[in-house]
Asker: 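The structure is given below, and queries will be raised subsequently.
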Amino acid sequence: MLSFKKFLEENTSSTLEYHDELNPKIWDGMQLRKDIKAKLLDIGRTWVEWVGLPESAVEDYILVGGNASYAYTSYSDIDLHILVDKRKIDNCPNLIDDYLKDKKQLWSLTHDITILGHDVEVYAQDIKEPVPPDQGAYSVLNDQWITEPKHQEVNLEDPSIEKKVTEYIEKIDDLISSNAEDESFDKLKEKLRNMRSSGLKKSGEVSIENMVFKELRNKGYLDKMNAYIKSTQDKRLSL
């Protein structure tokens, strides 16, 4: 995530990039570097143990997202997904999704793990959850591609990207300056999540919706919004 200082800095240029090769810091051609593989497995297994998941429920550790595609930047996280068969997890099956989501958030708050300058984000993904089309997915455990990323025609200067980014930046700034209620921020965050999810399902990493989301994240506006929400909640709960 960007530091508080970075998101306060004015940044008007686009942060989006598209390359002819995978991130050479992480990949050796189309093969995951051995030291990166070892470190990701170490992180993944540590997370599984910390969460208390049974080993029998873990099917694989996969690398997805920008660093499994040609659309990576210096801001891109390393998205490590733990493929889990939730049917093999005992106790409170109706609560397991909320439990894993809470554990992900708690892990993010209490850990700051990076690999060669990229933040590592860990997420538990059910084995039934499909990988979006045109999105790369690499099995770290088996050291092979599940789905290879495809080169696509990408227009990073599409005016609709800048237009939507500007709209959301203004919306976030307006909510903060007007001291909006938490509910207003919750609605906006849900809208952003749905927008990105829809884009990933439709066109993968290079969808307009996902690129808008990445611009907001890279420019620090998602951190800015979350920091404001946390600050106001802390003040309200303090005496």
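Basis for what follows: all heavy atoms, side chains included, without hydrogens, waters or symmetry-related copies.
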Asker: To the nearest 0.5 Å, tell me how far Ile113 CD1 sits from His111 NE2.
Answerer: 5.5 Å
Asker: Is any side-chain heavy atom of Ile169 closer than 4.5 Å to a side-chain heavy atom of Lys219?
Answerer: yes
Asker: Could you tell me how the ring of Trp50 sits relative to the ring of Trp47: parallel (under 30°), tilted (30 to 60°) or perpendicular (over 60°)?
Answerer: tilted
Asker: Taking atom types as modelled, find out whether Tyr221 and Asn226 have a side-chain donor-acceptor pair closer than 3.5 angstrom.
Answerer: no
Asker: Can you confirm whether Met195 sits close enough to Val212 that some side-chain heavy atom of one is under 4.5 Å from a side-chain heavy atom of the other?
Answerer: yes
Asker: Measuring centre to centre across the rings, with the benzene-like ring taken for any Trp, is Tyr72 within less than 6.0 Å of Tyr18?
Answerer: no
Asker: Say whether Ser139 and Asp60, considering side chains only, have a donor N or O and an acceptor N or O under 3.5 Å apart.
Answerer: yes
Asker: Within a strict 4.5 Å, meaning less than it, do heavy atoms of the Leu53 and Ile89 side chains meet?
Answerer: yes
Asker: Less than 4.5 Å apart, any side-chain heavy atom of Leu32 and any of Leu63?
Answerer: yes
Asker: Below 4.5 Å, heavy atoms only, C-beta onward: do Val122 and Ile82 meet side chain to side chain?
Answerer: yes
Asker: Decide side-chain hydrogen bond (donor to acceptor under 3.5 Å, both in side chains) for Asn179 and Tyr228; before the verdict, give the C-alpha distance in whole Å, the side-chain angles of both, and the deciding distance to 0.1 Å.
Answerer: CA-CA 10 Å; Asn179 297 313; Tyr228 176 81; 3.1 Å; yes
Asker: With the side chain counted from C-beta on, respond yes when Asp143 and Lys37 share a heavy-atom pair under 4.5 Å apart, and no when they do not.
Answerer: yes
Asker: Can you list the steps and then say if His19 with Tyr70 is a ring pair (Phe, Tyr, Trp, His ring centres under 6.0 Å)?
Answerer: CA-CA 5 Å; His19 306 269; Tyr70 300 100; 8.8 Å; no
Asker: Side-chain donor-acceptor pair under 3.5 Å between Glu215 and Thr15, yes or no?
Answerer: yes
Asker: Does the side chain of Asn23 come within less than 4.5 Å of Leu116's, by heavy atoms?
Answerer: no
Asker: Ignoring hydrogens and angles, state whether a donor on the side chain of Gln31 or Tyr138 is under 3.5 Å from an acceptor on the partner side chain.
Answerer: yes
Asker: Taking atom types as modelled, is there a side-chain donor on Asp20 or His151 under 3.5 Å from an acceptor on the other?
Answerer: no
Asker: Lys25 and Asn67: side-chain donor and acceptor closer than 3.5 Å?
Answerer: no
Asker: A side-chain contact here means heavy atoms from C-beta on lying under 4.5 Å apart; do Ile127 and Val84 qualify?
Answerer: no
Asker: Test Lys214 against every option in Glu209, Glu205, Glu17 by the salt bridge (charged side-chain N to carboxylate O under 4.0 Å, His left out) rule and name the one that passes.
Answerer: Glu205
